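Predicted model only: the values in this text are computed from it and were never measured. Because only heavy atoms are used, hydrogens play no part in the values below, and waters and symmetry mates are left out as well, while side chains stay in.
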Amino acid sequence: MGFGQLGFLWAFFIPFIVLLYYFFRKKYTDQPISSTLFWETVMKETKVSPYLQYLQRNALFYLQILALILLAFALLQPYIKSRALAGEQIIWMVDTSASMLAGSKNESIFKQHKRDMLVLSEQLEGKPVTLLKMGEEPTILLREERDLSKIQSAINKLEVEYEQEHLPKMLDFTQSLVKGEDTVVYLFTDHVDRTGLPLENERLSWVVKGSEGPLENVSILRFGANKTNQKISALAQLVNDSSKEKTGRFLITSIDDNELIYSEPVSIPAKETLSLSMKELPLASGLKAILQIDDDYQIDNESTVLLQSQTSQTFVDNQLHQLVTAAFQAMSIPVSSVPSEQLSDLSEEGIIVTNQTSLLETATSPVLLIGRNDEKAHEVNGVVMTERDDVFAYASLDDLYVSSLYPPFENYETIARVNEEPFIQRSQKGDLIVLADVQMTDWPLHPSFPLFLWSTAEQMTTNSDYLGIFSPKEKKSISLVADEEDAEWEVFSEENEYISSLQQGSQFTAPAKPGMYSLRSGDVEKQFVVLLEQQEKEIRTGSSYSIGTSSDTTLKETIQTSMVSWFLLLIILLLLAEWEVQRRRGLTN
């Protein structure tokens, strides 16, 4: 305990002055009266309770002295020192991405961080806390909250929501909340590089809570399947990110009856990728891949794919490079090479792959345009950047080189760019346009080329009962027509558990947890799949550290809690006690 105003020590002379007053006050002489009627009774009471009688005779004196001493202490402004979190403003950023489920010893990183937040909440000492949930759209759960019960309740309600943390966007958003005062931002995640934190603000400090210790992870990086000749062919890629060889079993089950249709033991070397090809699998409306293996991150050990009715053929313009036909054949997609002049006369429904721009308007079948026959290309130089789209779910174009591009189409959606120039576009009908010939790129040398063609074929040929592939909590505008006007669409999980509802015309938001779902309205049902994003299939570990200019290296400070109010309360109680003593004795006494 300390004192804020030592100059008021002179106040302790007041009790001594009162004490002197009692010493020199007028004294009365005891006058004996010859009466022995109650002598024996009085003597017995005196012998039994001498101290109580003494206190009763001098109660007012002691109460006054005690009140004066407490008043002197109050003038000194006593306080109690305690340790609390540093900063006038405290912001907690919580990572709720899927990778936070990784962990060892039956406790995930997310649970560890929740426990740490509950411990830190006990050290706030009334300071305001802003709690943010990371994601594509930052969510403020608490804003400058001081109530400890509300803070701990919000912490206990936190759940993993599987979407990416979008750290750069969150850092920009957090800085917009910082006022002109010392602020400490706590970042609860798995790994953050020191160089990625903004340190321009001198009044802003950072505390990163990472995941300690090495974690082992084996994941299903990719899983796809398609129907061929009344059978199913599937492709899977398994990645071992751990530092030692891992063994387990790879299973495929049918989503129709959960029947096991494929099982194979697997052994994956450290830091290696294992590719599996499965052919002649029984027909099913969908497949679920399961990797049974011992690791510290289980959510990426499952993947689901739906198999919808597809057109029977893909027609490729014979003027295109033969690598296009070879890529379709590599993915077991039925393909035919057709002369350019016969493409417009095709009666059989299928996908048309060509460079003839006129077919975008005349063809009734979906068109994949690779290059243009009506324009000249110009040279470009830059990195390929893609939008978030289903055709890139399995095909990453990060390392792709493009030397030339054709002019883009007006009013078409651009889903990939090279140095801000359109590279891949989509028409209003759903046709895809690649604004470069195969020879203008090194795309055929990358695994993403056949995977892109396979994704394109899947998107163009699946029926209307299949909504497609979504990432966790992805928002998309889709056309929904229910049986009745103003009817609700309801989302159900694979276990037939109700998830959410949406009205016609509203934006559709996919569920957070990966898996297979169905969207129902009356007798109408549409299926879709939520897949874990590729970035969330890799877990990283990082140390905890603090950086900034806060009061000390531990980002804690000493605060002073005043005790004056308690002293004043005791003085008031003593004054009330004095009044009661005076009343009982009589005011004239």
Are the side chain of [X] and the backbone N or O of [Y] linked by a donor-acceptor pair below 3.5 Å?
X: Lys537; Y: Ile220; result: yes
X: Gln527; Y: Met516; result: no
X: His191; Y: Ser211; result: no

Taking the six-membered ring where the residue is Trp, are the ring centres of Trp443 and Phe452 under 6.0 Å apart?
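That pair passes the under 6.0 Å test.
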Would you say the ring centroid of Phe508 lies under 6.0 angstrom from that of Phe470?
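Yes, the ring of Phe508 comes within the 6.0 Å limit of the ring of Phe470, centre to centre.
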Between Glu136 and Lys473, does the salt bridge (Lys or Arg N to Asp or Glu O under 4.0 Å) criterion hold? Intermediate values first, please.
CA-CA 9 Å; Glu136 185 173 9; Lys473 299 188 72 177; over 6 Å; no
Could you verify whether a donor N or O on one side chain and an acceptor N or O on the other, from [X] and [Y], lie under 3.5 Å apart?
X: Asp300; Y: Asn217; value: yes
X: Tyr412; Y: Asp431; value: no
X: Asn240; Y: Glu245; value: no
X: Asn318; Y: Ser337; value: no

Decide side-chain hydrogen bond (donor to acceptor under 3.5 Å, both in side chains) for Ser99 and Asp190; before the verdict, give the C-alpha distance in whole Å, the side-chain angles of both, and the deciding distance to 0.1 Å.
CA-CA 8 Å; Ser99 59; Asp190 48 5; 3.3 Å; yes
Of all the heavy-atom pairs spanning Glu216 and Lys244, show the shortest one and how long it is.
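Smallest heavy-atom distance, with atoms named: OE2-CE, 2.8 Å.
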Minimum side-chain heavy-atom gap Ser340-Thr354 below 4.5 Å
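Contact flag for Ser340/Thr354 side chains = no.
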Could you check whether Glu494 pairs with Lys288 (Lys NZ or Arg NE/NH1/NH2 to Asp/Glu carboxylate O, under 4.0 Å)?
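Yes.
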Tell me whether Arg426 is salt-bridged to Glu413, with the criterion being a basic N under 4.0 Å from an acidic carboxylate O.
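Looking at Glu413 together with Arg426, the answer is yes, because their closest N to O distance falls below 4.0 Å.
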Check Glu421, Glu375, Arg417, Met440 against Leu405 for a side-chain contact (heavy atoms from CB on, under 4.5 Å) and give me the one that passes.
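Of the listed residues Glu421, Glu375, Arg417, Met440, the side-chain contact (heavy atoms from CB on, under 4.5 Å) partner of Leu405 is Glu421.
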Just do the side-chain hydrogen bond (donor to acceptor under 3.5 Å, both in side chains) check on Asp437 and Tyr406 with the steps written out, would you?
CA-CA 9 Å; Asp437 295 327; Tyr406 288 103; 2.7 Å; yes
